[in-house]
Participant: 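Let me give you the structure first, and then I'll get to my questions.
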Amino acid sequence: MIRAHGLTKRYGGKNPKTAVDDLSFEVRPGTVTGFLGPNGAGKSTTMRMLLGLDAPTSGRCTVGGRAYAGHSAPLTEVGALLEARSIHPGRSAYHHLMALAHTHGFPRSRVEAVLGTTGLSDVAGRRVKGFSLGMGQRLGIAAALLGDPATLILDEPVNGLDPEGVLWIRNLLKAQAADGRTVLVSSHLMSEMAVTADHLIIVGRGKLLADTTVERFVRDSGTGSVKVVSPAAAHLAELLAGPAVTITSDTPGTLDIRGTDAEHIGRTAAAHAVPLFELTPHSASLEQAFMDLTHDSVEYVTPLEGAAA
Ligand SMILES: Nc1ncnc2c1ncn2[C@@H]1O[C@H](COP(=O)(O)OP(=O)(O)OP(=O)(O)O)[C@@H](O)[C@H]1O
């Protein structure tokens, strides 16, 4: 379990900045929790505070009931993958993990186990400097798993991975959560989070914007639509018209309806004897729901093409 309460981080200097602003949330075991937010939203800073690498200006956070520094053997409590990693380039993956295991008193069998889990057994003897980005990510994850921790905190673990690597991470995170671990993972890839995470914590400009399940977030975003095919489409459109309802039609006889649901459309059609050939709800994509929610929190907005500067 990860808990943050009133977590705040302000950076001083010439450009003072509140990177994390009164953030409170819980990350429960047994689920993959996606940590999302636009660039500069404060995700990495929050993760660094959870890992005791940055001190909060105010508020507090605990992992497994204690502040990170309060754990006597942190690697057995929390495994972390942060964006900046320092691995001696001349060392082999095996030696890198063995050195880490040695420092923390873990047996060689743990090194062999995590090399197997991360698919690195065959390349374990190769020097890290020859590793691809994807292999480096796998090695970082192997190190995070070394202490068989109850909590995993991973910052952008799918960065730079090919589709097979992305699928591998997805299955790994799900399996770790299914084993009862607490898994917090940040990502920019919404489509990937939609299929990996069960729960979402979304931040914007350091503040909490949403703390909900993926399913509820997408459903409540209100950006879903219903496709209707009917020989009396124009009549049905008149029956459904209302201030909150938007109806568009790209093809004669086909309507794309937003602002109401399939049940209401079906009942209205039945009440007026309008035949329906198709009635298909399309839920919004996580990406669209995320863009709608975070639009006002984006630090660097790309100007629309053709818009006045
Ligand atoms: N050491 C620092 N000194 C000053 N400002 C900082 C420092 N570290 C981060 N910031 C600022 O704090 C804000 C949050 O940064 P952070 O890296 O936590 O965001 P993020 O959500 O992880 O972003 P990204 O998705 O781009 O990695 C940003 O505006 C960043 O410029």
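Atoms within a ligand are numbered from 1 in the order they appear, just like the ligands themselves. Given the structure is predicted, the values throughout are model-derived calculations rather than measurements. Excluded from the calculations below are hydrogen atoms, water molecules and symmetry mates; all remaining heavy atoms, backbone and side chain alike, are included.
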Participant: Under 4.5 Å between side-chain heavy atoms, counting indirect links through other Ile/Leu/Val/Met/Phe/Trp/Tyr residues: same cluster for L239 and L279 or not?
Facilitator: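 They do share one cluster, since a chain of ILVMFWY contacts under 4.5 Å joins L239 to L279.
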Participant: For residues M49 and L53: do they belong to one hydrophobic cluster (side chain heavy atoms under 4.5 Å, members Ile, Leu, Val, Met, Phe, Trp, Tyr)?
Facilitator: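 Shared cluster, yes.
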Participant: Does the N or O separation between A19 and ligand 1 drop below 3.5 Å for any pair?
Facilitator: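 No; the residue has no nitrogen or oxygen that sits under 3.5 Å from a nitrogen or oxygen of the ligand.
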Participant: Report, in ascending order of atom number, the atoms of ligand 1 lying under 4.0 Å from any heavy atom of S44.
Facilitator: 17 (O), 18 (O), 20 (P), 22 (O), 27 (O)
Participant: Is the F25 ring parallel, tilted or perpendicular to the F35 ring (thresholds 30°, 60°)?
Facilitator: tilted
Participant: One residue to check: K43. Relative to ligand 1, which of side chain, backbone, both or neither has a non-hydrogen atom less than 4.0 Å away?
Facilitator: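 The answer is both.
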Participant: Heavy atoms only: give me the nearest L120-R138 pair and the separation to one decimal.
Facilitator: CD1-C, 3.8 Å
Participant: G42: heavy atom below 4.0 Å from ligand 1, yes or no?
Facilitator: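 Checking ligand 1 against G42, which is what was asked, there is a heavy-atom contact under 4.0 Å.
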Participant: Is the closest N or O pair between T46 and ligand 1 shorter than 3.5 Å?
Facilitator: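 No; every N/O pair is 3.5 Å or more apart.
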Participant: For the residue pair D22 and T8, what are the closest heavy atoms and their distance?
Facilitator: N-OG1, 3.0 Å
